[in-house]
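Every chain is numbered from 1 and lettered A, B, ... according to where its sequence line falls, protein lines coming before strand lines.
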Amino acid sequence: MTNDTILRQDLTWRFGDAIAAWQPVSDDVPTLWVTKERAADVLRYLKTGIEKPYRMLYDLFAIDERMRGHRSGQPQADFTIVYHLLSFDRNADIRVKVPLHGESLSVKSVTDIWPAANWYEREAWDMFGVHFDGHPGLRRILMPPWWQGHPLRKDHPNRATEMPPFVLTNEKVDQRLSQLQFNPDEWGLSRHSEDGDFLFVNIGPHHTGTHGLFRIVCQLDGETIQNAVPDIGYHHRGAEKMAERQTWHTFIPYTDRVDYLGGVMNNLAYVLAVEKLAGIVVPPRAQCIRVMLSELFRIASHLVFYGTFAQDLGAMSPVFYMFTDREHVLEIIEAVCGARMHPNWFRIGGIADDLPRGWDRLIDGLLQWLPGRLKEYDTLVLNNPIFKRRTRGIGAFTQEEAVEWGITGPGLRACGCAWDLRKKRPYSGYQQYDFEIPVASSGDCYDRAVVRVEEIRQSLRIVDQCRNNMPAGDYKSDHPLASPPRKEKTMHDIETLIAHFLSVTWGPVMPAGEAHASIEATKGINGYQVISDGGTVSYRTRIRTPSFAHLQMLPLLCKGAVLSDLIAILGAVDFVLADVDR
Amino acid sequence: MAVDTESGRAMNQTLVMAGTIAGVLAGVLVAASLLIWGERRLLAVWQDRSGPNRVGPLGLGQVAADVVKILTKEDWIPPFADKPIFVLAPMIIMTTTLLSFAVICFGPSAVVADLNVGLLFFLAMSAMGVYSVVLAGWASNSKYPLLGAMRAAGQMFGYEVFMGLSLMGVVMCAGSFNLREIVLAQRHLWFCVPQVLGLVIFLIAGFAETRRLPLDLPETENELVAGYHTEYSGMKFGMFYVGEYVGVVLVSSLITVLFFGGWLGPWLPGVVWFCIKTLVFVCFFVLCRATLMRPRYDQLMSFGWKVLLPLSLANLLVTAAVVLVRGGQ
């Protein structure tokens, strides 16, 4: 009996009627429907009661089901709340879906089971208007407080042109600015201590230490942070809504802009999900090129982290050296893709084009250049006594806390959990490569930096193996849904010409279904859940980003720290605001 | 006739004096404004980039361009600021640092005020300079400047004590507070050799005194935006900006005078030697800025009180003992 069947039997035996259905999906994640009354019980059992529990709330999102045609095997619902859980012991996921009906949508909050549910539930409320009973502070998170309506509902306009003309009057400006004024009482923060007043400092949305449009309000006693309230949404562009209007193919460039330091790594998570949906097998050469470019981007992203982190701690020069190195990486990216930060290079079923002549010489150049430089940086940054004093023991969290808050990637590995999807659930042929997962033990800012620096070295190893073992063959699948379709065959018969024409003008039609793909991105685990209703556009695309979860944990990390530590902690978390807000 | 020559001599002296003052003032200000360009070029060299190289030969025109820019920028006083103090604060820093140059001897006779308590005058001025920063932060009536001012005040308590003490060894060796006599006392051996500990401690204090990386805690652009001068613009900001460079020149010249024999040196005229030595330390300041990281505020404080203060006291004790033994012979 497989684990999956045991799980099904166990849950059916325990919860009986509460389990409405087991839904067939295009990926291998067991998906069950639970009535909203018992949902919290089932989730609590999955987290604490079951053998080999699902300890991490990996994702929580909603679906507007009202316009969906293909729903066979699913109970009737107007809206669905999806809980995506991850088990480290099983190395498996589970998806729990809760159907909601009618106009007064509400479900019990799970913030008492997972603290990390807080922001996810706020997001679901913001985007879909689903109310979570018992949530400690259900308010808008990505949209501004004055926004009317819930953007990800199907009846909300998708473009500004579908809305009345935008007029900004002086009254509107005043009203909106006053709504952004921080009010400590709203957050239950006291204004005075026993012997004086607290100082509320508004850091951001424009501040050198926040690395982007991010605001955090600190309640200060002297320079000690008593409490911190992060405020996100300033970089929100509605990528998930755009996915519902772009074709499967033309959404790829938008993914580039989610974690804008990760480049093609975003493409990868998205196309893997769509390929799973369509059942496309990618040829080995395309896989190898994908891995190589992804690892180059991991190096580039970690170099930006390394430099800016040192800069946050007052070191002026490393950032210049590391951007020079990043330039070497981006030169290769540019030679291959023609673009640097937003290459838009992966395609459904392969990549856009083959490698250019002489690509291997460029890789050789990088492989010779970087290791020596990294050694120098060890002396300059990692072994610098001031650096150590500023980062050791600062912003530390344990493995349990990390799992509780949905921390993935280098942050999780810095506290001793060797969890890397490239090893645990190899995709794109990662099982063929020889590399190690760097792990540290104390989970503080210093260890996070050490892990990332070692990851650069491991990525170089992978790139080296790609360079030496690049398979010959096609760079794109022959599958009819691979997009854009192969041009060569179109000039021979009218049928393929018509198919090509339709596929290019309308875009490929994906079979109805749901699929999820997660990859080990630069900041942590990045996942795309795509739902097709059998059309040329996605019915719902959910983008699970690592930075969203990481930033939510921030108040916990900086409580009791001083202002200077906050900057170190922010730097060590290594987030990208577009990756938080999408 | 005798009266005439006397008044003529007095007249002459006044002219020489005025000349010296004008020379020192012009020299210091030119050096400070050249540093606007010099620091950026030097940092660029150490950071593998070019720096300002477009305006004029070697980019030297950048100095003029920057001065024009800073003079013509809108000089905005925030409506919530305490106006008189807000205006006064940047002037204090310029005044105190420039006044300190009065006691520096650039050559055997090139000194504005040959005070017998020259060193104490410098210490007094440097203590006054902190007021500028604290007042600027307080008068801005805004949160980041306030935090910066608080740090400046705390930092001052941290370093002023050991800065003064670190110099007392030099005073003991020379037997005088007069900077000219201190230089003359170094004829045979520069004080950087017997007072090496004092030198190191004074260097560290110098970073705090000039509020430059690694000890730029009142400013900390990564944390406090621009610290105490966040709300400043135009020429008032310019005064803080140039004041910082004047401070660098000042501390470098003091290191030259106190530890490296001032104008003493073979072949070349004294003033040239003085300038060369000072330039080396100015470059050293820039190099440190390019290399080092910034410790945390409380780390700096505990380092100052728990390490540097005992060290400077020990240095003082040993120096006193040596001086006593030598004097007894």
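Heavy-atom pairs under 4.5 Å with chain A were tallied for B/Tyr144, B/Trp46, B/Tyr297; the largest tally goes to B/Tyr144.
Both the backbone and the side chain of A/Phe387 come within less than 4.5 Å of a heavy atom of chain B. With a 4.5 Å cut-off on non-hydrogen atoms, B/Arg49 touches chain A through its side chain but not through its backbone.
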Using atom types as modelled, flag every donor-acceptor pair under 3.5 Å from a side chain in residues 204-213 of chain A to any protein atom, sequence neighbours excluded.
from: A/His207; atom 1: ND1; to: A/Gly209; atom 2: N; distance (Å): 2.8
from: A/His207; atom 1: NE2; to: B/Glu223; atom 2: O; distance (Å): 2.8
from: A/Thr208; atom 1: OG1; to: B/Glu221; atom 2: O; distance (Å): 2.8
from: A/Thr210; atom 1: OG1; to: A/His207; atom 2: O; distance (Å): 2.9
from: A/Thr210; atom 1: OG1; to: A/Gly212; atom 2: O; distance (Å): 3.0
from: A/His211; atom 1: NE2; to: A/Asp312; atom 2: OD1; distance (Å): 3.3
from: A/His211; atom 1: NE2; to: A/Asp312; atom 2: OD2; distance (Å): 2.8

Which side-chain N or O atoms in residues 281-291 of chain B pair as donor and acceptor under 3.5 Å with protein atoms at least two apart or in another chain?
from: B/Arg289; atom 1: NH1; to: B/Glu39; atom 2: OE1; distance (Å): 3.1
from: B/Arg289; atom 1: NH1; to: B/Glu39; atom 2: OE2; distance (Å): 3.0
from: B/Thr291; atom 1: OG1; to: B/Leu287; atom 2: O; distance (Å): 2.6

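Here the NZ atom belonging to B/Lys143 is positioned 7.0 Å from the CG atom belonging to A/Asn202, to the nearest 0.5 angstrom. The line from OG of A/Ser317 to CG of B/Asp48 is 9.0 Å long, rounded to the nearest 0.5 Å.
Taking both residues in full, the closest heavy atoms of A/Phe320 and B/Gln47 are given as CE1-OE1, 3.1 Å, listed atom of the first, atom of the second, then distance.
Residues satisfying the side chain to side chain donor-acceptor pair (under 3.5 Å) test with A/Glu454, not counting sequence neighbours, are A/Arg457, A/Gln458.
Within the 4.5 Å cutoff, side-chain heavy atoms of A/Val381 are placed close to those of B/Met293. When side chains are defined from C-beta on, A/Arg390 counts as touching B/Arg296, because their heavy atoms get closer than 4.5 Å.
The environment of OH in B/Tyr131 is sparse: at most 12 heavy-atom neighbours from other residues, nucleotides or ligands sit within 6.0 Å. At most 12 heavy atoms of other shown residues, nucleotides or ligands fall within 6.0 angstrom of atom NZ in A/Lys559.
Inspection of non-hydrogen atoms places A/Val562, A/Leu563, A/Ser564, A/Asp565, A/Ile567 of residues 560-580 of chain A under 4.5 Å from chain B.
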